[in-house]
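First the structure, in the form of structure tokens, and then the observations on it.
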Amino acid sequence: MGTEVVVGDEIVASYTPVFGTSITYVSIPGSLVITNYDLANGIIEGTFNFTGRDASGQDPTIYQITGGQFLVVLP
């Protein structure tokens, strides 16, 4: 994972502690692992971990995001 989208195919994670009222923290390089890709049913599953920081540099708070999981069903 990177820290910003430049070309459009980068993987960038974000974390917003209180949606709509707080800063969004973006990933300093982290990891994303695809654990299952079921092409026939269009299902992608995986895990992720990253360290989040305020990209603007205004807030020095660092968040450790661990044990993240995702499941995506493609149309």
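Note that the structure is predicted; figures quoted are calculated from it, not measured. Only this structure's heavy atoms are used, side chains among them; waters, hydrogens and symmetry mates stay out.
Partners of Thr61 according to the side-chain hydrogen bond (donor to acceptor under 3.5 Å, both in side chains) rule, which considers only residues two or more places apart in sequence or in another chain, are Asp59.
Using the six-membered ring where Trp is involved, Tyr63 and Tyr25 have ring planes that are perpendicular, over 60° apart on the 30 and 60° scheme.
Checking each of Leu71, Leu74, Val72 against Ile43 for a side-chain contact (heavy atoms from CB on, under 4.5 Å) leaves exactly one that passes, namely Leu71.
Grouping the Ile, Leu, Val, Met, Phe, Trp and Tyr side chains by contacts below 4.5 angstrom, directly or via other members, places Phe70 with Tyr37. Note: the hydrophobic cluster containing Ile23 also contains Ile65 (ILVMFWY, side chain heavy atoms under 4.5 Å, direct or indirect links).
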Atom pairs and distances, donor-acceptor, side-chain atoms in residues 44-52, under 3.5 Å, two or more places apart:
unit_1	atom_1	unit_2	atom_2	d
Glu45	OE2	Asn36	ND2	2.9
Asn49	OD1	Gly67	N	2.7
Thr51	OG1	Gln64	OE1	3.1
Thr51	OG1	Gln64	NE2	3.4

